[in-house]
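Residues: numbered from 1 along the sequence shown. Every value quoted in this text rests on a predicted model; they were computed, and no experiment measured them.
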Amino acid sequence: MTAGLARLTDELGLLYGGDYNPEQWDPAVWREDVALMREAGVNLVTVGVFSWSHLEPRPGEYRFGWLDEVLGLLHDAGIAVDLATPVASPPPWLGHRHPESLPTTADGTVLSYGSRNQFCPSSDAYRAAAATIAEQLAARYAGHPAVRMWHAGNEYGQVCFCDRCAERFRDWLRARYGTLDALNAAWATTVWSQEYGDWAEILPPRVAPYHRNPSQELDFRRFGSDLLLDLFRAQKAIIRRHDAERPVTTNLMGFFGGVDPHDWRADLDVIADDAYPDPASPDGPADAALVNHLARGLAGGSSWLRMEQAASAVSWREHNLTKSPARLRSEVLQALAHGCDGALFFQWRQARSGPERFHSAMLPLAGPDTVAHQGIRALGGELRTLRRLAGAPVHRRVALLWDWTSWWAATQVALPTARLDPLATLRSWHRELWCLGVVVDVVPVDRADVALDAYDLVLAPAQYVLDDAAAARLEAYVAGGGHLVWGPFGGVADAEGHLRTGRSPACLRHVLGVSAEEWVPLPDGGSEVAWSAGSGLAGGGPVRAATLGERTRSDGAEVLATYADGPLAGCVAVARHVFGEGRAWYVGADLGGPDGGLAAVLRAALDAAGVPHGAQEPGVETVWRGHALVAVNHTDAATTVDVSGALAAGPDGVRAASALTDLLDGTRHDLAGPTAPAALPLPARGVVVLEAQAPTSPST
Ligand code: GAL
Ligand code: ZN
């Protein structure tokens, strides 16, 4: 997974560029594009994502001349190409000749062409046509010197409920369960008279009179992800027959529910991710960090690539705020700090037509003499300067658990409350960590290949589903000396979505030393939680617990806080338990309010695990990538970086550094002697990249 990206950055440096859609422009514009790309420091463009109708205007009739010319121009200019197979948007001829290739929604509506993404992933006609165009492209352009990477499809996410998808769903279920009896058991079909007597009776979860079977829905989500993965694999196999070497990838979408990226990661030669943080959101920088942590988690802790982002505004929100070049720069360098080895955009040149005509681009319609484009040029120059960061590991000691099965299952209907959004819980825990300056990997606990032992602290804010193997992994982690913080409504269900019997969380309560007998939605405004005297947390006064709690008792854990009023008065709200060599913390409800309850628990857990936190000014994010400290000021006011706090939080090699050298402007800050700075200035929205000089190594 990582070798593909390393080879590219070895050849090209940090990757810089974006989607390039020359088919929307005259050849004269292509020449201007290439010249301007060079001036902007662009070294990689993704070509052809939506070019299918332009490449194959009628079935089997190909038009490659324009692409030959574009690849030649780019290559002559030293710009590499990430060549796409254009299968995300089939031409009208496919839907016209093969109406069954169009997707059907859960209520039976067939979606038309005239947009994009209009295909049924099971359609034989679609699959054959997608294979043919991929074959044509791979045969023609494998070995083309410009083509350094392949990009199959785009943002795989289609869902279809048609009869053909129903057949494939049945095949998938046969492979998973073997017999109808096993399927009936897994779906608990004795409830509401749903027992299946014949495979042919089984359907996707289409619109029905009342709530659908939750296990069937869960399996349909898994099936949908596997079905799309099968499409990606088919494209990759075709490319591989012609090109054994160049990395093949597709762009994931962060916290997107349509595919489970943990099932995809092994097939992607480069972890590529699209992100469009909302400039209007006050939590934008923290949430952007979380998406980056997910990408790094998917990359097994190694480098990854931001395949798409907006240079300024998008055009698909209700009100599309623009971004200043300084803000864009801070987002790009934030991702770089988090292990991203480049910055690619949607798109290079702003469209003048079509649905995305108001979407920003690296080159606005107003041309290069614009604030936005000058910012893009400056950023390209800085990325060239920072080339040595490519491939460097990100220093982090904490894992935040998150998996798609839990997310899917905990967002179904008919739960104790519809107000507990697991993603919102994840974000709120992460925001507290982010404010404390803690860098995390987002990893799943339901995959055996994630080594929890690599982390000093593991947090499980929203682990609704916990299968036995995952519970055993957590138990072994804590028993072996790890620190675990467990959130509300966790360990409730198994992988089929069936509730566990016995006191909850049935398979982890011995580790937590706390158990619950009932899930209890809290009244509007929440309940009061009082810290126990001696908890060490009492200083801040009582806090509010919101949304959903559990009727708990301690089974041996030290009770740190109890509900003071409401339906759970007297129950354990926060506890800590010594288990084996480690410790488990229990947080029984949403304590993420402004009174700081969650932050207090997380600080205590970080302290116990020996993870430094909290040294920096509000809004200042510091991350160590290799021996470089990246400090980002996400605020609009000038501030400072606390040097000793940052060094104390760094990896082993940097704590005794004798100097920090600013890689962007060359300034050297000596850390020895009376003139050593306690803090370094950081302008509004500013970013510094400071390389630590080891005491013995000669200064640069
Ligand atoms: C992405 C997509 C791009 C472009 C972009 C606009 O989802 O892959 O093609 O539409 O959004 O923000
Ligand atoms: Zn279908």
Side-chain angles (χ1 to χ4, degrees), residues 9 13-14 289 292-293 296 301-303 329-330 333-341 382-398 433-441 454-457 606-607 609-634 638-683 686-700:
T9 53
L14 293 168
N292 297 338
H293 300 328
R296 189 178 57 251
S302 301
S303 297
R329 172 178 183 261
S330 70
L333 297 181
Q334 177 193 33
L336 180 77
H338 293 156
C340 176
D341 278 354
E382 290 191 317
L383 291 180
R384 275 198 299 277
T385 310
L386 296 174
R387 174 178 188 145
R388 63 213 277 184
L389 263 62
V394 175
H395 179 60
R396 74 279 176 207
R397 300 172 56 185
V398 176
L433 294 162
W434 188 83
C435 289
L436 292 168
V438 175
V439 178
V440 305
D441 281 348
Y455 302 101
D456 296 314
L457 179 65
L606 289 161
D607 285 340
V611 179
H613 58 86
Q616 301 302 329
E617 294 293 326
V620 173
E621 182 175 6
T622 53
V623 183
W624 283 95
R625 187 158 186 204
H627 284 183
L629 171 69
V630 184
V632 184
N633 176 6
H634 292 285
T639 181
T640 55
V641 192
D642 175 330
V643 174
S644 55
L647 289 169
D652 285 344
V654 307
R655 274 179 236 133
S658 59
L660 290 171
T661 301
D662 188 323
L663 292 181
L664 289 171
D665 72 8
T667 318
R668 183 184 158 104
H669 307 280
D670 273 308
L671 298 176
T675 56
L680 292 174
L682 201 51
V687 184
V688 288
V689 183
L690 302 165
E691 193 172 63
Q693 315 295 308
T696 48
S697 74
S699 56
T700 48

Do R384 and E382 come within less than 4.5 Å of each other through their side chains, counting heavy atoms only? no
State, yes or no, whether a side-chain contact exists between R397 and L457 at a heavy-atom distance under 4.5 Å. no
Can you tell me how far the SG atom of C340 sits from the CG atom of L389, to the nearest 0.5 Å? 11.5 Å
For L14 and A390 the tightest heavy-atom approach is CD2-CB, 3.9 Å
Looking only at non-hydrogen atoms, find the nearest pair between P612 and A648 and report the distance. CG-O, 3.7 Å
Would a 4.5 Å heavy-atom cut-off, applied to side chains only, mark V398 and V439 as touching? no
Quick check: closest heavy atoms across D670 and A659, and the distance to 0.1 Å? OD1-CB, 3.8 Å
Please identify each residue that fulfils side chain to side chain contact (heavy atoms under 4.5 Å, CB included) with A631, with sequence neighbours left out. T622, V641, L682, V688
Test item: D642 and E617 side chains (from C-beta on) under 4.5 Å apart, heavy atoms: no
Heavy-atom side-chain contact between V620 and V632 under 4.5 Å: no
Looking at every non-hydrogen atom in both residues, tell me the closest pair between W624 and A646 and how far apart they are. NE1-O, 2.8 Å
Any side-chain heavy atom of V630 within less than 4.5 Å of one from L690? no
With a 4.5 Å cut-off on side-chain heavy atoms, are T385 and V689 touching? no
Work out which heavy atom in T661 is nearest to a heavy atom in G666; give both atom names and the distance. CG2-O, 4.0 Å
Does D441 have any salt bridge (Lys or Arg N to Asp or Glu O under 4.0 Å) partners at least two apart in sequence or in another chain, and if so, which? R296, R396
Just checking, any donor-acceptor pair under 3.5 angstrom between side chains of E621 and H338? yes
Where the side chain of R625 meets the backbone of A392, is there a donor-acceptor pair that is under 3.5 Å apart? yes
Would you check if R329 and V687 make a side-chain contact, meaning some heavy-atom pair closer than 4.5 Å? yes
H613 (side chain) donor-acceptor with L436 (main chain) under 3.5 angstrom: no
Test log, rule side-chain contact (heavy atoms from CB on, under 4.5 Å), inputs L333 and L386: CA-CA 10 Å; L333 297 181; L386 296 174; 3.9 Å; yes
Q334 and N292: CA distance, side-chain angles, deciding distance, side-chain contact (heavy atoms from CB on, under 4.5 Å) verdict: CA-CA 9 Å; Q334 177 193 33; N292 297 338; 4.2 Å; yes
Could you tell me if the ring centre of H634 sits under 6.0 Å from that of W434? yes
Is the side chain of D341 donor-acceptor paired with the backbone N or O of G391 at a distance under 3.5 Å, no angle test? yes
Selection residues 654-666 - residue pairs positive for salt bridge (Lys or Arg N to Asp or Glu O under 4.0 Å), sequence neighbours left out: D652-R655
Would H627 and Q693 count as a side-chain contact (heavy atoms from CB on, under 4.5 Å) here? Give the steps. CA-CA 8 Å; H627 284 183; Q693 315 295 308; over 6 Å; no
Which atom names give the shortest non-hydrogen contact between L671 and A676, and what distance separates them? O-CB, 3.2 Å
First locate atom CZ of R388, then atom CD of E691, and finally report the distance between them rounded to the nearest 0.5 Å. 4.0 Å
